[in-house]
Amino acid sequence: MTKEKLLLLDGNSLAYRAFFALPLLTNESGIHTNAVYGFTTMLQRILEEEQPTKILVAFDAGKTTFRHETYTEYKGGRQKTPSELSEQFPYIRKLIDAYGIKRYELEMYEADDIIGTLANEASTQDMDVIVVSGDRDLTQLATEQVTVYITKKGITEIEKNTPAFIAEKYGLTPQQIIDMKGLMGDSSDNIPGVPGVGEKTAVKLLKEHGSVESLYAAMDTVKASKMKEKLVANEEQALMSKKLATIFTKAPIDITLSDLAYNGPNEEELISVWQELGFKSLLEKSDFTVQEEEQAPFDYEILEEVKQEHLKDVMAVHLELEDEHYHTCQQLGIALTDGAKTMYVPFDLAAKSDVLRLWLEDATKIKYMSDSKASQAALKRAGIRLAGVEFDLLLASYINNPALSGDDVATLAKELGYRNVQANEAVYGKGVKRAIPAIDALSEHASRKAFAVWSLQPKLETLLKENEQFELYKNLELPLASILGEMESEGITVNRATLEKMGQELNDKLIVIEQAIYAEAGETFNINSPKQLGVILFDKLGLPVIKKTKTGYSTAADVLEKLKPEHAIIEHILLYRQLGKLQSTYIEGLLKEIHKEDGKVHTRFQQALTATGRLSSTDPNLQNIPIRLEEGRKIRQAFVPSKEDWILFSADYSQIELRVLAHMSNDKNLVEAFREGMDVHTRTAMDVFHVSADEVDSNMRRAAKAVNFGIVYGISDYGLSQNLDITRKEAATFIEKYFASFPGVKQYMDDIVQDAKFNGYVTTILNRRRYLPDITSSNFNLRSFAERTAMNTPIQGSAADIIKKAMIDMDARLKKENMQAKILLQVHDELIFEAPKEEIALLEKIVPEVMENAIELSVPLKVDFNYGATWYEAK
DNA sequence: AGGATCACG
DNA sequence: ACGTACGTGATCCTG
């Protein structure tokens, strides 16, 4: 075994050094990063050069230490730590944790004392010790075993203080460094020493007498001089100074050397911290991404025929797909494992195997999978109706922590410390080099995934149960996955001809507007380029600059809206933008997504993506089809039922988020408003403006509505002022009046932020969690954002819980009633169905009934509905 | 690849 | 005093 090497870092001192050595760097979110950056580069270098086996970073704990008992002025008169530095300490701690390095601080003691104590302890064992600090005092710890590294010139150079080095430099032993300081003092720590004695004198005296004590013992022999008078006059002060400068090596620490083992960084975590801080150069230099995981050998078999004996009652199953577009991509193969034997079946064989198909369709045969919805949809295309999924790694991992990104098995597994599976990128390649690998690599990759799912199932279920989230996962998300899969596979019919006709008309209009803009600008340019547009508007036409972005002038709609009276071009640009958006995103974009085979679009609902528990929709996104402006709303005319004499039926929750807020805050006034079936915005206006219901005009209601939105988002006066285009002060008054009228809401908002600070997370009605690590950040921006999130997430997330539950109940009810009606889409607070006309009456009864009773709140839920021959008409 | 913009709830 | 509304996805431009 190689000799142990202990690295002891003086966290505070190194952070200070780095801070003052480097210019004030900031990252994208405006946090200063120079101290963290300097600290990191220094740490990287030392790790590389020294290869320590144990590490500790020590920090100073509080302001007072035991030294203050000796001398209350200790470290007095110091400049307060600059806020640009103090805001970096949380990141330094985060970084150290990501490295897997232990850190420690102790009340009443300084980092020096922790380091001294551990260095001392290590010296009793056969261990090399390296101490790193920016503070020269630490050199007193140097021995044959302990080398003290002191940073020089900021942090770029290091001076290695061994006893020999110190002897050469000062002619003193390391212990005499303390005496030296006792005599000369230290202005930065406010240690007085003997006035008039500097380094030279101190060294000379110590060479002659050995120590402060012996110097005073031998004072009689010293020749009378000014210096002697000073020494005599300050004897007590010299002895006290020495005492203050002495590092205490018997601090009552409760860690031992064996706690300090260093096993390398948690790469995921480190990369994420570096990304957060914007350390691009370090990310590029690091070999983390290219580093191949050392793969343990893996045993599996490629089947040439699937036999009954291969298939067990409980197995992990992985359907390997060509890419994430599971409605269109090629299915490559199926891997199966029962933990003992792992098998791979090429998909062409699987598709032909009745044995395998029957097993996959058998709900009593239990399957553990990851992203079962993707598999369900891709199998359906091959005529296989997947059933019996009892575990889904993707969903379990998402419920456990929705912040974790990755959706492939390797990423999910790695987050749980399981590494015997490769990233898709490593097997398929990326960018233009991406290709389906040969059968041996492909089959092993898929097999390892199945095995990973098998291995992680117990662990995740335990984690979920510990957090009381197993119900949410098993009874909500898992069955929902199957329903969403059916919705996606069913798809919604889009009338190509309708879109193409709209596209033609739009195109004609766009050409006219484009010419008008060029004429008004006096030249042609790319209207879609904010940069070029900015030059035209603000430089050439000299319009007033209202807002700027990072990259230049802002030309966003709210800015242009204010510029409307200034120039005729503005209106044209706004119209060009509006129509251009419709053309590119909703006409051309949607046309590209229509499947030739069935004339439908098949979106993918991302079920494990949002931080709040909502779904999202991609390829195409069917959750942001225009509705607010009439021109855009017409796009909905292209969405039609799949069969003749069918209709589209749309049902949406009225004010679900405010109802959730009423329920959770239990605010008397808000609860009463909903129980009495009042218009909540009108009610808010009455309270805020102190008027009666019939005195509320449209402007008052509009303002009240904005306040209600603000409340849901985690209000700020600035945000509200921007939204309503009023002054901050006026906005603040609104908020004040709102809270006076709805004190329960105010109480809830305060409580939820407190809860989040205490727990580190917030929860929804069905116990969905969102962690908010920034809630205790010293960075104002980050903390404020986390606070607003703490207020908003339980509301948005609980609304998501409710509609998800409604979808499950709805699916069951449609089956129970033997209906042909199908749920096609979910748009956060709205469900869209298609059904034969004959079922309209029944839908009108059961849809609101099921949705309104999905979850019982202390206020009623209300559902509005409509139907028609197109989505446009179902309003 | 990231920013700006804009579509939705 | 600090600088903002919460949650998404698609398209276009630019470096």
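Below, chains carry the letters A, B, ... as their sequence lines are ordered, and counting in each starts from 1. Basis for what follows: all heavy atoms, side chains included, without hydrogens, waters or symmetry-related copies.
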### Task
Could you tell me whether the side chain of Lys562(A) reaches within less than 4.5 Å of the side chain of Lys564(A), counting heavy atoms only?
no
### Task
Could you pull out all residues at least two apart from Phe709(A) that satisfy side-chain contact (heavy atoms from CB on, under 4.5 Å)?
Lys705(A), Tyr713(A)
### Summary
Heavy-atom nearest pair, Leu622(A) first then Val827(A), reads O-CG2, 4.1 Å
### Query
When all nucleic acid strands are considered with a 4.0 Å heavy-atom cut-off, which category describes Ala731(A): base, sugar-phosphate, or nothing?
nothing
### Task
Would you indicate whether the side-chain heavy atoms of Ile802(A) and Met851(A) approach each other to under 4.5 Å?
no
### Query
Hey, does Arg577(A) reach any base, or is it just sugar-phosphate, or nothing, if we go heavy atoms under 4.0 Å?
sugar-phosphate
### Message
With a cut-off of less than 4.0 Å, is there a side-chain N or O of Arg633(A) near OP1 or OP2 of dA7(B)?
### Response
no
### Query
What residues form a salt bridge (charged side-chain N to carboxylate O under 4.0 Å, His left out) with Lys737(A), not counting sequence neighbours?
none
### Residues which pass salt bridge (charged side-chain N to carboxylate O under 4.0 Å, His left out) with Arg701(A), listed by chain and number, not counting sequence neighbours
Asp679(A)
### Query
Can you name the residues that form a salt bridge (charged side-chain N to carboxylate O under 4.0 Å, His left out) with Asp829(A), not counting sequence neighbours?
none
### Task
Assign Ala611(A) to base, sugar-phosphate, or nothing according to its heavy-atom contacts below 4.0 angstrom with the strands shown.
sugar-phosphate
### Task
Kindly write out the residues that satisfy side chain to side chain donor-acceptor pair (under 3.5 Å) with Glu571(A), not counting sequence neighbours, or none if the list is empty.
none
### Query
Looking for any heavy atom pair under 4.0 Å, which part of the strands does Val827(A) touch: base, sugar-phosphate only, or nothing?
sugar-phosphate
### Task
With P as the reference atom in both, quote the distance from dC2(C) to dA7(B) in angstrom, rounded to an integer.
32 Å
### Message
Quick check on contacts: within residues 787-794 of chain A, what sits under 4.0 Å from DNA chain C by heavy-atom distance?
### Response
Arg788(A), Thr789(A), Asn792(A)
### Query
Given atom CZ of Arg604(A) and atom P of dT8(C), what is their separation to the nearest angstrom?
17 Å
### Query
Base, sugar-phosphate, or nothing: which does Thr551(A) touch, judged by heavy atoms less than 4.0 Å apart?
sugar-phosphate
### Task
Sort and list the pairs that fulfil salt bridge (Lys or Arg N to Asp or Glu O under 4.0 Å) and have at least one residue in residues 620-631 of chain A, not counting sequence neighbours.
Glu630(A)-Lys634(A)
### Message
Using OP1 and OP2 only, check whether a side-chain N or O of Arg728(A) sits under 4.0 Å from dG3(C).
### Response
no
### Query
Heavy atoms under 4.0 Å, any strand shown: does Leu615(A) hit a base, just sugar-phosphate, or nothing?
nothing
### Query
Base, sugar-phosphate, or nothing for Asp829(A), non-hydrogen atoms under 4.0 angstrom?
sugar-phosphate
### Query
Heavy atoms under 4.0 Å, any strand shown: does Leu720(A) hit a base, just sugar-phosphate, or nothing?
base
#### Entry: Whole-angstrom distance between dC8(B) and dG3(C), as gauged at atom P
31 Å
### Query
Should Arg614(A) be listed as having a side-chain N or O under 4.0 Å from OP1 or OP2 of dG9(B)?
no
### dA4(B) OP1/OP2 closer than 4.0 Å to side-chain N/O of Thr549(A)
yes
### Query
Any donor-acceptor pair under 3.5 Å linking the side chain of Asp717(A) with the backbone of Ala731(A)?
no
### Summary
Contact string for nucleotides 9-15 of chain C, one letter per nucleotide 5' to 3', B = base within protein heavy-atom range under 4.0 Å, S = sugar-phosphate only, - = neither, reads BBSSSSS
### Query
Can you check the Tyr738(A) OH to dA5(C) C1' distance for me, whole Å?
15 Å
### Under 3.5 Å donor-acceptor pair, Gln796(A) side-chain atoms to dC6(C) base atoms
yes
### Query
P atom, dT4(C) versus dG3(B): distance in rounded Å?
14 Å
### Query
What is the distance from CD1 of Ile711(A) to P of dG7(C), rounded to the nearest Å?
17 Å
### Task
Report the distance from atom OH of Tyr718(A) to atom C1' of dT4(C), rounded to the nearest whole Å.
8 Å
### Task
Could you tell me which residues satisfy salt bridge (charged side-chain N to carboxylate O under 4.0 Å, His left out) with Arg702(A), sequence neighbours excluded, listed by chain and number?
none
### Task
Can you tell me, in whole Å, how much space there is between the P of dA1(C) and that of dC6(B)?
33 Å
### salt bridge (Lys or Arg N to Asp or Glu O under 4.0 Å) contacts touching residues 764-775 of chain A (sequence neighbours left out)
Glu477(A)-Arg768(A), Arg768(A)-Asp801(A)
### Message
Using the side chain to side chain donor-acceptor pair (under 3.5 Å) criterion, which residues pair with Lys581(A)? Sequence neighbours excluded.
### Response
none
### Query
Dot-bracket for DNA chain C, 5' to 3', counting Watson-Crick or G-U wobble pairs under 3.5 Å, with [ ] for crossing pairs and | for inter-strand pairs?
.....|||||||||.
#### Entry: Gap between atoms CG and C1', on Leu575(A) and dA7(B) respectively (whole Å)
16 Å
### Task
For Gln826(A) and dC8(B), give me the distance from atom CD to atom C1', rounded to whole Å.
12 Å
### Query
Ala799(A) near the nucleic acid: base, sugar-phosphate alone, or nothing, with a heavy-atom cut-off under 4.0 Å?
nothing
